[in-house]
Amino acid sequence: VVYIAEGQTVYVMFFLASILTQSLVIGLIRSWKLKAASNLFLISVLTLLTLGILSGGGIHSISVIIYPIILIFASLLLERKPYILYVALCIASIAFIIYAENQKITQAYVPDAPELPLFLSVSLIVLGGAVIGRIITESLQNNIRKSWLYAQELSSQKAILDRVGQAVIGCLTDDTIIYYNQAAINL
């Protein structure tokens, strides 16, 4: 209401676009279209971030720190190939912001640095964070996958031992009982 009263409709449009996008994402999640919801969420966040940086502060804005945060979410939500495409979109967003600043398309602060060094430095920071985030994500996903497979293997071994007609008791070297089957319980 305050922004409308002040005639700053840009912020009102950002807010309305955010609400609309979030509603669509929630609808997609409820209908189990998770990939579409993830993609829509990430693209909308990147678009709103780009427009937000353009409208206030430019590439020197503290908002630039949101790029690595977005890439962490993208790493968790996307497979490797779409993730690489999304990193490229983030770098294209940075290039667009720097280009708009240097062409004075936006009211944002125009940096003293030439376009290419500024673009390279910001892009390398974002790219470094993207690579590190992806390595961590893939490592965590692999560990989760291994834990799930191990749990499945233990479950199937337990099922086999439960079918044995004889009492089976598993112990550690310090005589701590870690497993016993149904026949052992009956005995």
Between [atom1] on residue [X] and [atom2] on residue [Y], distance to nearest 0.5 Å:
X      : Y      : atom1 : atom2 : result
Leu85  : Lys81  : CG    : NZ    : 12.0 Å
Leu24  : Leu20  : CG    : CG    : 5.0 Å
Tyr83  : Leu42  : OH    : CG    : 10.5 Å
Leu51  : Leu46  : CG    : CG    : 9.5 Å
Asn181 : Ile160 : CG    : CD1   : 12.5 Å
Leu124 : Ile94  : CG    : CD1   : 9.5 Å

Does atom [atom1] of [X] have more than 12 heavy-atom neighbours, drawn from other residues, nucleotides or ligands, at distances under 6.0 Å?
X      : atom1 : value
Leu187 : CG    : no
Tyr99  : OH    : no
Gln152 : CD    : yes

In one Ile/Leu/Val/Met/Phe/Trp/Tyr side-chain cluster, 4.5 Å: [X], [Y]:
X      : Y      : value
Leu34  : Leu40  : yes
Leu49  : Phe96  : yes
Ile26  : Val45  : no
Val168 : Leu154 : no
Ile72  : Val25  : no

So do the side chains of [X] and [Y] get within less than 4.5 Å of each other, counting heavy atoms only?
X     : Y     : result
Ser75 : Leu71 : no
Phe41 : Leu28 : no
Leu78 : Asn39 : yes

Who are the side chain to side chain donor-acceptor pair (under 3.5 Å) partners of [X], not counting sequence neighbours?
X      : answer
Ser93  : Thr50, Tyr67
Asn143 : none
Lys158 : Asp162
Gln141 : none

### Query
For residues 128-152, which residue pairs qualify under salt bridge (Lys or Arg N to Asp or Glu O under 4.0 Å), counting only residues two or more places apart or in two chains?
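Non-adjacent pairs meeting salt bridge (Lys or Arg N to Asp or Glu O under 4.0 Å): Arg80-Glu138, Arg134-Glu138.
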### Thr21 and Ser44: side chain donor to acceptor below 3.5 Å
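No.
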Residues clustered with [X], ILVMFWY side-chain links under 4.5 angstrom:
X      : answer
Ile136 : Ile132, Leu140
Val131 : Ile135
Tyr180 : Ile169, Ile177, Ile185
Leu149 : Trp148

#### Entry: Which residues share a side chain to side chain contact (heavy atoms under 4.5 Å, CB included) with Leu127, sequence neighbours left out
Val87, Ile91
#### Entry: Contacts of Thr176 that satisfy side chain to side chain contact (heavy atoms under 4.5 Å, CB included) - sequence neighbours left out
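Counting only residues at least two positions away or on another chain, Thr176 forms a side chain to side chain contact (heavy atoms under 4.5 Å, CB included) with Leu172, Asp174.
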### Thr47 (side chain) donor-acceptor with Ile43 (main chain) under 3.5 angstrom
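Yes; judged by distance alone, with no hydrogens or angles, the pair exists.
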### Message
Test: side-chain hydrogen bond (donor to acceptor under 3.5 Å, both in side chains). Region: residues 27-37. Which pairs qualify, not counting sequence neighbours?
### Response
none
